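Order of the sequence lines sets the chain letters (A, B, ...), proteins ahead of strands, with each chain counted from 1. In what follows, every heavy atom counts, from backbone to side chain, and hydrogens, waters and symmetry copies are set aside. Bear in mind the structure is a predicted one, so any value in this text is a computation, not a measurement.
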Amino acid sequence: MHQVSNHDLVRILSEMATLYDMEGVAFKPRAYEKVAEHIEQLDREVTDLYREGGVKALRTIPNVGEGIAYHIELILKTGTFPEYEKYKKRVPVKLDELMGIGGLGPKSIKTLYARLKIKDLSSLERAARAGKIAKLARFGEKSQEKILKAIEFSKKGVGRFLLGAVEPLVRTIEERLRRVPDVGHVTTAGSYRRRQETVGDIDILVTAKNGKRVMEEFLNMPEVETVLAHGSTKSAVRLKSGIQCDVRVVPEESYGAALQYFTGSKEHDVELRKIAIKKGFKLNEYGVFKVGARSQKLGARVAGRTEEEVYRALGLRVMEPELRTASGEIEAARAGKLPKLILYGSLRGDLQVQSSWTDGNNSIEEMARAAAEAGLEYIAITDHTKGLAMTRGLDEKRLLQQGKEIDRVNAELRMKNVECRVLRGTECNILKDGKLDLTDAALKTLDIVGVSVHSHFNLSEREQTERIIRALKNPLVNILFHPTGRKIQKREPYAVDMSKIIRAAVLYGVALEINAAPERLDLKDTHIREAVERGAKLVIDSDAHATAHFKWLDFGISQARRGWATKKEVLNTLSCEEFLKALKGLTPNEIRHGM
DNA sequence: GCCGTTTTCGGCCCGACTGTTTTCAGTCG
C-alpha cells in the first residue's frame, strides 16, 4: 500500500480541480478544491482515517461524497486515479509550478501548452524571452512582460510573511493614507485583521468620496516596488519587502459591508453570502440589498455602514475577526453562543522571560523594569538549564545564585516603587528519556517550573509523546513551554500527539503555554481550541529575550482568541497571588504522587 | 460533484481590473 500523505492528496485533488477548469467542466472544480482545502486543515492523516473507518470515514470530511470518496480511496491505494490520469494526459504540465505564476490560470496554461508546448517554469521563461507568448491570440506584449516579472518574483521564493514582521509596515502605510485630505476610515482587513500567524498580502480599506487622491498617494509611496493594478477604487502594488499590498476605496455608507467582505476569510464570506441568498438578500462589498422577487434587480440597501448592521441583517451577531474562519463561528453566532474571547491587554504576568544569565540580552532588573513599563505585574525569569550548553544553561549552583539576585532585584524594585514582582523560574530541558535537567531539590526552590523540549527532535511520535508526558508527570512541573517546538516557515513541529499531551496536561495539572514570539506562536489555534474544549489551562508568554519583546504578548492573545480561548482559561490574566494559587490548585496529582 | 431549517433536484458567491478586444474572457481575492 502506498503511503500517501495529506500533502500529496491535497496536491492531486487541487490539480484535478485545475484540470477540470481547463476543460471548462462546470462545478466540479470547486467541489474538488473545497475537499483539498478541508484536508489541508485536517489534524489527522487521511490514510489513518481510512484504515480505521474505510470509505465511510472518508465521507465525514466535509464535501466528500460518493464520487470523491472513491477517488480518494483509489489515491490511497494506488497513488492516483483514472479520471486524473486521463485529464493529466491531455495537458501534461507541471501545474504546481505554472499555477504559482501570478496571472496564469487554468485556461492560459492550457493554451500555452497547446500552442507552445510549455510544460514548466523553464520552458515558460524561454518562450517569454523569445517573444513567442506575445504573438498568441488573447496574449500580448503586456501579458508576456507580466509573466516574466512573475517568474522573477517566484524565483525569490517569497510566500507569506510573519504577522509580527508585517505589522510595523502596515502602521506606516496606514498613517500615510490617513494624511490624504477627506479620507474617513483607513483599516487593514484580510488575514492581518484576523490576526493570522502569517499574512499573504496586505488589504487596506479606505473610505473616501474621491478615490483618486488616495490612489495617487498610495501608488507613489516610497515603499512601492511595482504597480500591479491601478483603478479608481482598487489598486495593487508589490512592496519592496516583497509583500503585495492592495487598497480598496469605498463610500462611507459601505464601510461595514466592505470591512466584513475584505476581512474574510474567504470561506466565511461565502457562508455569509449563502445565508443572504436564503433570506432574499444579496451581500456584496457595498452592502446587503433586497433582491426583487421575480427580477434579479437589486432593491434597497438594508445594511452596510457598519459590520454590526451587516451581520444583524443576516440574523447573526457580529463576531470578532479572529473567529472568522468558517469553522463553527457562524453556527455559534446564530445560537448566541459565541465565546467571550480574552481581551487584548488583559495579561498581568509573563511566565517565560530569559535574562543575560543565559541567552537573553538584558539583566534581570532591566527585564523587570521593562515589564513594569509594559504594564505587567509579575514576570518569571526562566533561563535555560545546563543541558543547553550553547546558551550557558544554568546548573543547580548558578540557579541558586540567580535566586539571590532575584531577591535583590525584588527588594530594589519595591524600594523604587516599581510595581513588578519577579518570580523564580526555569525553562528546564526535558531530557531524552523524559527526565528533567535539574534535580527535584533545585526545582523545589522555584515559584514556576516550565519545561520544554530542545533536543532529540527526531524521535518517533510515540516516543516523543511519551517523553513529554513523562516530564508532565513530575508533580513539580507547572507549565509546558512551546509544546510543539515549531518555528513558522523554518522548522516543522516535532512529531507529537497533541491530543494525548493535552489530556495529560489536564490530568497532571500542567498549564500549556501559548508562546507569543512571532515565529513560534506555539500552541497553534486548533490545539488551543482542543485544549479549551478539554478543560486545559493556558498561559500566554512572550518568551522575551530582550526588553522590547514584551510587546509580543499581543500576538499570543491573538493566537488564543483564534483558538476560542476566554479569560478564564488563561491563568496569567490573574493577579500574581491568584495565579500562584491557581497553579497549585491545578495539581490534584500532588497526593497521587505522594508529595 | 455536492448538498438540503424553503430542496433528493436544481441550484452552486460576487465584483474589479487587465489585456486584448471592439464586447468580454480570464484571473484574483
Could you measure between the two [atom1] atoms, the one in [N] and the one in [M], and give it in whole Å?
N: B/dA16; M: B/dG11; atom1: P; answer: 25 Å
N: B/dT7; M: B/dC2; atom1: C1'; answer: 13 Å
N: B/dT21; M: B/dC9; atom1: P; answer: 46 Å
N: B/dT5; M: B/dG1; atom1: P; answer: 23 Å
N: B/dC12; M: B/dC17; atom1: C1'; answer: 25 Å
N: B/dT8; M: B/dC3; atom1: P; answer: 16 Å
N: B/dC28; M: B/dT22; atom1: P; answer: 24 Å
N: B/dT27; M: B/dC13; atom1: C1'; answer: 16 Å

Going by a 90° cut-off around 0, is B/dT7 syn or anti?
syn
Base contacts versus sugar-phosphate-only contacts with protein, heavy atoms under 4.0 Å: please encode nucleotides 3-10 of chain B as B, S and - from 5' to 3'.
S--B----
Within the 4.0 Å limit for protein heavy atoms, which parts of nucleotides 19-29 of chain B are touched? Write it as a string from 5' to 3', B for base, S for sugar-phosphate only, - for none.
BSS----SSSB
Under 6.0 Å from the ring centre and within 45 degrees of the ring axis: does the NZ or CZ of A/Lys117 meet both conditions for the six-membered ring of A/Tyr113?
yes
Please say whether the positively charged group of A/Arg30, taken as NZ for Lys or CZ for Arg, lies over the ring of A/Tyr32, i.e. under 6.0 angstrom from the six-membered ring centre and within 45 degrees of the axis.
no
Return the pairing partner of B/dC17 with a 3.5 Å limit on both distances, Watson-Crick or G-U wobble; otherwise return none.
B/dG26
Where the side chain of A/Arg213 meets the backbone of A/Asp182, is there a donor-acceptor pair that is under 3.5 Å apart?
no
What's the separation between atom [atom1] in [X] and atom [atom2] in [Y], rounded to the nearest 0.5 Å?
X: A/Ile147; Y: A/Arg129; atom1: CD1; atom2: CZ; result: 12.0 Å
X: A/Glu267; Y: A/Ser327; atom1: CD; atom2: OG; result: 10.0 Å
X: A/Lys110; Y: A/Arg90; atom1: NZ; atom2: CZ; result: 8.0 Å

Aromatic plane relationship, A/His185 with A/Tyr255 - under 30° parallel, 30 to 60° tilted, over 60° perpendicular:
parallel
Parallel, tilted or perpendicular: which describes the rings of A/Tyr87 and A/Tyr20, with under 30° parallel and over 60° perpendicular?
perpendicular
Mind checking if A/Ser191 touches a base, just sugar-phosphate, or nothing, with heavy atoms under 4.0 Å?
nothing
For A/Leu272, report the nucleic acid contact type (base, sugar-phosphate, nothing); a contact means any heavy atom under 4.0 Å.
nothing
Within the 3.5 Å criterion, strictly below it, is a donor on A/Glu285 or A/Ser254 matched to an acceptor on the partner's side chain?
no
Say whether A/Asp120 and A/Ser123, considering side chains only, have a donor N or O and an acceptor N or O under 3.5 Å apart.
yes
Mapping A/Ala229 and A/His71 onto DNA chain B by nearest heavy atom, which one lands closer to the 5' end?
A/His71
Over how many whole Å does the gap from [X] atom [atom1] to [N] atom [atom2] extend?
X: A/Arg248; N: B/dC14; atom1: CZ; atom2: P; value: 15 Å
X: A/His268; N: B/dC14; atom1: NE2; atom2: P; value: 16 Å
X: A/Lys282; N: B/dC13; atom1: NZ; atom2: P; value: 12 Å
X: A/Phe289; N: B/dC14; atom1: CZ; atom2: C1'; value: 12 Å
X: A/Leu205; N: B/dA16; atom1: CG; atom2: P; value: 14 Å
X: A/Asp269; N: B/dC13; atom1: CG; atom2: C1'; value: 9 Å
X: A/Tyr70; N: B/dC2; atom1: OH; atom2: C1'; value: 19 Å
X: A/Lys274; N: B/dC13; atom1: NZ; atom2: P; value: 6 Å

Does the ring centre of A/Phe281 sit less than 6.0 Å away from the ring centre of A/Phe289?
no
